[in-house]
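Got a structure here, written out as structure tokens. Questions coming.
Please read all numbers here as calculations on a predicted model, not as lab measurements. A, B, ... follow the sequence lines: proteins, then strands. Residue 1 opens every chain.
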Protein chains: 2
Amino acid sequence: MKKAATIRDVAGRAGVSVSVVSRVLNDTGPVSAPKRAAVLEAVEQLGYRPKAAARQLGQDRPDTIGLLLADLTNPFFARLADRVVAEARSRELQVVLMTTQEDPHLEQQALNTLLDRSVGGVIGTPTGHNVEHWDKLANLEMPVVFVDRAIDGLDQVDVVSIENVESAATATGHLLDRGHRRIGLVPGPLDTTTGSERVRGYERALAERGVDLDERLVRPVPFRGETGADVMAQMLALDEPPTAVVVANTAQVRAVLRMLTQARVSVPDELSVVVFDDNPWTELIRPPLTAVRQPIDMLALHSVDLVHARMRQKLPPAPRRVRVPAEFLERSSTATRR
Amino acid sequence: MKKAATIRDVAGRAGVSVSVVSRVLNDTGPVSAPKRAAVLEAVEQLGYRPKAAARQLGQDRPDTIGLLLADLTNPFFARLADRVVAEARSRELQVVLMTTQEDPHLEQQALNTLLDRSVGGVIGTPTGHNVEHWDKLANLEMPVVFVDRAIDGLDQVDVVSIENVESAATATGHLLDRGHRRIGLVPGPLDTTTGSERVRGYERALAERGVDLDERLVRPVPFRGETGADVMAQMLALDEPPTAVVVANTAQVRAVLRMLTQARVSVPDELSVVVFDDNPWTELIRPPLTAVRQPIDMLALHSVDLVHARMRQKLPPAPRRVRVPAEFLERSSTATRR
DNA sequence: TTGTAGGCGTTATCAG
DNA sequence: CTGATAACGCCTACAA
């Protein structure tokens, strides 16, 4: 077991030519029954496996997609990765995983390596900062699908996400219906669609109920770090603190909750809480959290579907925007305002 | 922007031969200053990137490692993936991600794919069932590193894991010291090292204190599914139910906790609980859980280090067993027996 | 139905 | 220093 067998070894062993071997392996072209059997046996005995690199060198499109996620530490992205890998496998696609850690510099590096890897397509959650680089990818005939978030100024890529505006409006409306008037919002950065769209939904809900908007209650924070805790503290320190809050920044849910626990803010008595996030731990927390659940499997399904289809050029060039509805789950962290 | 530039395009543009371009790019061999400049400029203008597949076709090993994990839904593996990806990047390695979902069949498929040598090495958490297939990989001169768990009958692969025996003994001892005598144990399958070693640690702690072993209190369960809940229920239904439990099966922690919540078992008053797991959510749960924390970054670091070194054949052939200590975190889910 | 030959993009070798 | 040229392993016309 020193060096791997090549297609030529198989051909020799089976007493045929390489083309015959290739044909039976890829089922392309006719082969007589006896020779086919001989080839199969030789393949078996030698434990032959075609080398991926050599195969790619030819005409075929790479059977690999890049998955560029923000951060696997966030259960949302982790589950997304899990589903994407599963969907990819069912289409016989490999997944190369990279993470940006929400760092534009790392994202840029990753985009470059994706280029040489010559993956057939990319599914990613952009940080929001490397417009030109993403653009370069897209211009290079490389299918790109943004999932969960998108960024402005990039209109030629497909986007799969939940209905952010709707979801935020629902969450906010839920609180308004329970008598809350001062409702905090902690969204992601406004230059990502998840940030801006959820703010829009929040504002729409307020407007529909004729409630005034207080700028101090809308505090976008980066996905990284623990800033969610800070802005939460700041809001609670206002003269008229909020009686409810919507944490629309998935990555900051934990930071906010930890802050509330430490400050001994009682949920939902003193503060009602709705979070954008729903991982299996959410329901084990006291109290179980009212949440907007993202249909992760749908996001994964559509994303993989799209890259796959584009890789096979089975789609009209116009970019797609797939939006899947999110589910609102009322649990015990929201209550009627006292 | 139709087809990517090749090294020949660059050579033509720069008015040199391909060899010169290759030498400039890989810093292998001498090149005159002016030509070097010309090449660099051509590369820049054409946006040229060497194609990984073509490069692999030559002698070099692929600069990609396979990461075959059980399940990204489990925060432990997700965080592990995150760290592995980070460590890999710092060594200029790519990571292709696959998951087994603890299903031997899927694992086998994945191993077959890996056999095409599109990766230079593999880091994995084996299900415990495909010994021959892993063996085939290893015999194919492909570096394999098991992380977290290992399987019997595979002695030629490197293993990186925590000190399972020690950790389980510590956890069990902690409970014994608090007066508990009937202590349940929910480990993983006994044909994985995490399962069998933790049982051994548990037994050792009991023996050291002269406490008898009750077989009915040791209930190994698969990583998949929700069986953890069932065996927990069964133990509680015993004539002499346990007053404490060690959940040593990371994947089943949630199931067990959910069961306890539903059955309104009060922790730690009625039952003390120690879990093998420590994700950021653990401390948000009520009560905060006493836990064995696995040093995930160390596991990742050593794993990547090992494959990397082996890929560059910078290591004696003898397999390594790296064991890192785990940390015992006492929080509030364990109490002195009443 | 089969085999031969050429090409895919790079790197390595080895004469100029 | 530089530039042909031969691999690398596989696929696929094209010719037999």
- Give a yes/no on whether any side-chain N or O of A:Ser22 is located under 4.0 angstrom from OP1 or OP2 of D:dC11.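 True: A:Ser22 side-chain N/O within range (under 4.0 Å) of D:dC11 OP1/OP2.
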Report all interatomic pairs (protein N or O, nucleotide N or O of nucleotides 14-16 of chain C) with separations under 3.5 Å.
none

- Item | Donor-acceptor pair between A:Gln101 and A:Arg224 side chains, under 3.5 angstrom |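 Per modelled atom types, A:Gln101 and A:Arg224 side chains form no pair under 3.5 Å.
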- Item | Within residues 31-49 of chain A: residues closer than 4.0 Å to DNA chain C (heavy atoms) |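 Per residue number, the list reads A:Val31, A:Ser32, A:Lys35.
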- Item | For atom CD1 of A:Ile7 and atom C1' of D:dC8, their distance in whole Å | 14 Å
- Note: for B:Arg117 and B:Ser19 on DNA chain D, the residue whose nearest nucleotide lies more 5' is B:Ser19
- Item | B:Asn26 CG to C:dA12 P, straight-line distance once rounded to whole Å |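 Rounding to the nearest Å, CG of B:Asn26 and P of C:dA12 are 7 Å apart.
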- B:Asn112 side chain near B:Glu107 side chain, heavy-atom distance below 4.5 Å: no
- Message: I need the CZ-P distance between B:Arg55 and C:dA12, as an integer number of Å.
- Response: 10 Å
- Over how many whole Å does the gap from B:Lys51 atom NZ to C:dG7 atom P extend? 18 Å
- Message: For a 4.5 angstrom cut-off between non-hydrogen side-chain atoms, does B:Arg117 reach B:Arg61?
- Response: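 No - every pair of side-chain heavy atoms lies 4.5 Å or more apart.
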- Task: Output the single nucleotide from C:dG3, C:dG9, C:dA12 whose closest atom is nearest the side chain of A:Ser17.
- Result: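 Closest of the options to the side chain of A:Ser17: C:dG3.
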- Message: Nearest whole Å is fine: how far is C:dT11 P from B:Arg61 CZ?
- Response: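 Those two atoms, CZ and P, are 18 Å apart.
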- Query: If you find the nucleotide of DNA chain D closest to B:Ala54 and the one closest to B:Val20, which residue's nucleotide is nearer the 5' end?
  - Reply: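 Comparing both residues, the 5'-ward one is B:Val20.
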- Message: Regarding A:Thr6, tell me which of base, sugar-phosphate or nothing describes its non-hydrogen contacts under 4.0 Å with the strands shown.
- Response: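 Sugar-phosphate: the residue A:Thr6, judged by heavy atoms under 4.0 Å, touches backbone atoms but no base.
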- Query: From A:Asp148 CG over to A:Ile123 CD1, what is the distance, rounded to the nearest 0.5 angstrom?
  - Reply: 12.5 Å
- Message: Pick the closest DNA chain C nucleotide for A:Pro30 and for A:Val18 by heavy atoms, then say which residue is nearer the 5' end.
- Response: A:Pro30
- Message: In this structure, how many angstroms lie between the C1' atom of D:dC10 and the CG atom of A:Asp9, rounded?
- Response: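 Result: 13 Å.
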- Quick one: do B:Arg91 and B:Asp305 satisfy salt bridge (charged side-chain N to carboxylate O under 4.0 Å, His left out)? Show the steps, please. CA-CA 9 Å; B:Arg91 291 168 180 73; B:Asp305 248 6; 2.6 Å; yes
- Message: Using five pairs at each end of the helix from C:dT1-D:dA16 to C:dG16-D:dC1 to define an axis, what is the angle between those two axes, to 10°?
- Response: 50°
- Does any donor atom in the side chain of B:Ser161 or B:Arg323 lie under 3.5 Å from an acceptor atom in the other side chain? yes
- Message: With a sphere of 6.0 Å drawn around CZ of A:Arg312, does it hold more than 12 non-hydrogen atoms of other residues, nucleotides or ligands?
- Response: no
- Query: Can you find a pair of side-chain heavy atoms, one from A:Trp134 and one from A:Val144, that are under 4.5 Å apart?
  - Reply: yes
- Query: In terms of side-chain geometry, is the basic nitrogen of B:Arg149 or B:Glu102 positioned less than 4.0 Å from the acidic oxygen of its partner?
  - Reply: yes
- Query: What is the distance, rounded to the nearest whole Å, between atom CG of B:Leu57 and atom P of D:dC8?
  - Reply: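 Rounding to the nearest Å, CG of B:Leu57 and P of D:dC8 are 9 Å apart.
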- Item | Flag side-chain contact, heavy atom, 4.5 Å: B:Val147 against B:His302 | no
- Item | N-O pairing of B:Asp116 and A:Lys51 below 4.0 Å |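 Salt bridge: no.
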- Query: Would you say the side chain of B:Thr113 lies within less than 4.5 Å of the side chain of A:Glu92, judging by non-hydrogen atoms?
  - Reply: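 Sidechains of B:Thr113 and A:Glu92: no contact.
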- Message: Tell me the interatomic distance from B:Asp63, atom CG, to C:dT10, atom P, rounded to whole angstroms.
- Response: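 Atom CG in B:Asp63 sits about 14 Å away from atom P in C:dT10.
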